[in-house]
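Here is the naming used below: chain letters follow the sequence lines, and residue numbers restart at 1 for every chain.
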Amino acid sequence: MIFDKHSKKGAWNPSLKIKNIPHIQEHLVHWYMKNQRQLPWRETHDPYHVWVSEVMLQQTQVKTVLPYYEKFLRHFPDITSLAQADLQAVLKLWEGLGYYARARNFHRAANVVVKEYNSKIPDDPGEFQKLPGVGDYIASAVQSIAFGHPCAAADGNVKRVLARLFQIDAPVNKSASHKLFKSTADKLLASDMPGTFNQAIMELGAMICKPKHPMCDICPLPSFCLAHQARKTDEYPRRTPGKPVPEYHIAAGVVYKEGQVLITRRKPEGLLGGLWEFPGGKVRKNEDAKQACIREIKEETNLVVEVESHLTCVRHAYTHFKIVMDVFRCAYVSGRVKLNGPEDFRWIATEETEQYPFPKANLKFIPLLKN
DNA sequence: AATACGGGGGG
DNA sequence: CCCCCAGTATT
């Protein structure tokens with residue numbers, strides 16, 4: 001084991017001595033050349049295209065990203081068109097992809113590039129990383145792939161590969177571990193072809209060195225892999241246990257008035273920021289979902305409504321909590337909309353919902369709506 | 001250093 | 001159904 005635990009808790013010996021660097025690089029890149037998937041963002045080095053792909057691929061699997069990537073580039077073929085676009089249009093293309101701050105930050109960053117950098121994406125890792133939504137990983141990935149800068153990308157795939165290759169015991173899900181994985185990745189980086197190398201090691205993590213059931217029998221690196229030799233691949237990467245996620249009971253209402261329904265827009269920041277939804281909120285203790293629906297709609301929109309029927313119950317999991325949402329069909333009774341919480345509202349026909357970006361939890365019941 | 005922030009896939 | 005996965009901004 002390379003990293004010996006010191007007597008002090010949580011301290012890991014950082015004196016990394018990687019062996020066989022040139023061999024590992026050669027085997028890895030050779031494997032990648034022969035086995036890489038054909039992906040649309042690999043057919044170009046255009047920094048904007050690479051950037052789009054990396055923002056989407058953050059926390060998200062290739063299969064999910066593919067259709068979003070194509071659609072996004074059709075609507076916004078270059079940085080200028082993205083900068084000029086309405087945020088709502090950007091969010092609509094992002095609908096269902098999650099982590100909507102990525103879209104908001106990317107849209108802001110595009111405007112910074114147009115205004116501050118003469119519409120040229122910075123060919124400089126430090127400058128590029130100043131942009132909103134561009135952190136260590138995105139900066140390294142885009143700058144290495146598009147411009148050939150020797151920056152190692154250390155995403156989850158890379159950390160898993162490195163943890164196994166060198167039996168690194170630092171937990172991958174602790175922020176304090178990032179430095180160690182990043183510096184290890186930097187040492188292993190083939191700096192004469194950083195873009196190819198970064199993609200190669202990430203591809204290995206995605207296709208071979210998978211979280212569960214790594215395919216060591218067809219891996220190009222088994223003779224270098226310490227975890228594999230110790231028959232302990234399933235013990236790496238180390239991970240500190242997560243916290244239990246609470247479950248909330250939510251009530252939401254589809255308020256009908258003269259053949260239209262009421263939707264509200266969430267504040268621009270925070271959870272699902274800028275997206276539209278059907279009004280509602282948490283069910284309190286000693287309250288049933290129906291009462292909560294009526295109360296929340298009154299609080300958020302000032303409308304008095306009555307519940308006509310129970311439409312459906314939707315379950316949805318977020319990162320750090322999950323919800324059970326009861327959805328009611330409501331009838332408008334009285335009042336004028338005065339917003340308290342939401343940023344905006346619309347009365348729309350149910351077919352018009354497709355023009356607005358909604359959270360996944362709402363998309364689960366929208367098909368049930370009719371005027 | 002810990003928390004907020006989606007949604008998909010696998011068992 | 002529950003569990004696993006994982007970059008960036010914010011606190």
A.B. asks: Are any side-chain N or O atoms of A:Asn20 and backbone N or O atoms of A:His23, one a donor and one an acceptor, separated by less than 3.5 Å?
C.D. replies: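 No, because the side chain of A:Asn20 does not come within donor-acceptor range (under 3.5 Å) of the backbone of A:His23.
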A.B. asks: By the 4.0 Å heavy-atom rule, please label A:Gly96 as base, sugar-phosphate, or nothing.
C.D. replies: sugar-phosphate
A.B. asks: Using purine N1 to pyrimidine N3 plus N6-O4 or O6-N4 for Watson-Crick, or N1-O2 and O6-N3 for G-U wobble, both under 3.5 Å, which nucleotide pairs with B:dG9?
C.D. replies: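 B:dG9 is paired, partner C:dC3.
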A.B. asks: On a whole-Å scale, what distance lies between the C1' atoms belonging to B:dC5 and C:dC5?
C.D. replies: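 One C1' to the other, the span is 14 Å.
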A.B. asks: Under 4.0 angstrom, heavy atoms only, what part of the nucleic acid is A:Lys159 near: base, sugar-phosphate, or nothing?
C.D. replies: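 A:Lys159: no heavy atom of the nucleic acid under 4.0 Å.
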A.B. asks: Looking for any heavy atom pair under 4.0 Å, which part of the strands does A:Asn173 touch: base, sugar-phosphate only, or nothing?
C.D. replies: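 The residue A:Asn173 makes no contact with any strand.
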A.B. asks: Counting any heavy atom closer than 4.0 Å, what does A:Gln61 reach on the DNA or RNA strands: base, sugar-phosphate only, or nothing?
C.D. replies: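 It contacts sugar-phosphate atoms only.
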A.B. asks: Using the ring of each side chain (for Trp, its six-membered ring), is A:Phe128 parallel, tilted or perpendicular to A:Trp51, with breaks at 30° and 60°?
C.D. replies: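 Perpendicular, since the angle between the ring planes exceeds 60°.
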A.B. asks: What interatomic distance, in whole Å, is found between P of C:dA6 and the corresponding atom of B:dG11?
C.D. replies: 15 Å
A.B. asks: Would you mind classifying the nucleic acid contact of A:Val134 as base, sugar-phosphate or nothing, using non-hydrogen atoms under 4.0 angstrom?
C.D. replies: sugar-phosphate
A.B. asks: Strictly below 4.0 Å: does A:His316 bring a side-chain N or O up to OP1 or OP2 of B:dG7?
C.D. replies: yes
A.B. asks: Does A:Lys212 place a side-chain N or O at less than 4.0 Å from the phosphate oxygens OP1/OP2 of B:dG11?
C.D. replies: no
A.B. asks: Does A:Arg102 make a side-chain N or O approach to OP1 or OP2 of B:dG6 shorter than 4.0 Å?
C.D. replies: no
A.B. asks: For A:Tyr137, answer base if it contacts any base atom (sugar-phosphate contacts may also be present), sugar-phosphate if it contacts only those atoms, and nothing otherwise; contact means non-hydrogen atoms under 4.0 Å.
C.D. replies: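 Here A:Tyr137 touches the backbone only, sparing every base.
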A.B. asks: Does A:Glu299 use its side chain to pair, donor to acceptor, with the backbone of A:Asn340 at less than 3.5 Å?
C.D. replies: no
A.B. asks: Checking all strands, does A:Ala101 fall into the base, sugar-phosphate, or nothing category for heavy-atom contacts under 4.0 angstrom?
C.D. replies: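 If one applies the 4.0 Å heavy-atom cut-off, A:Ala101 turns out to touch nothing in the nucleic acid.
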A.B. asks: Please classify the nucleic acid contact of A:Lys243 as base, sugar-phosphate, or nothing, using heavy-atom distances under 4.0 Å.
C.D. replies: sugar-phosphate
A.B. asks: Please determine if a side-chain N or O atom of A:Tyr100 lies less than 4.0 Å away from the OP1 or OP2 oxygen of B:dG7.
C.D. replies: yes
A.B. asks: Just checking A:His178: base, sugar-phosphate only, or nothing, at a heavy-atom cut-off of under 4.0 Å?
C.D. replies: nothing
A.B. asks: Describe, in one word, how the ring planes of A:His49 and A:Tyr69 are oriented to each other, choosing from parallel (under 30°), tilted (30 to 60°) and perpendicular (over 60°).
C.D. replies: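 It falls in the perpendicular class, over 60°.
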A.B. asks: Students often get this wrong, so: under 4.0 angstrom with heavy atoms, is A:Thr319 touching a base, only sugar-phosphate, or nothing?
C.D. replies: base
A.B. asks: In whole Å, measure the gap between the P atoms of B:dG9 and C:dT8 for me.
C.D. replies: 23 Å
A.B. asks: May I ask you to say what A:Arg160 touches in the nucleic acid, namely base, sugar-phosphate or nothing, with a heavy-atom cut-off under 4.0 Å?
C.D. replies: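 Sugar-phosphate: the residue A:Arg160, judged by heavy atoms under 4.0 Å, touches backbone atoms but no base.
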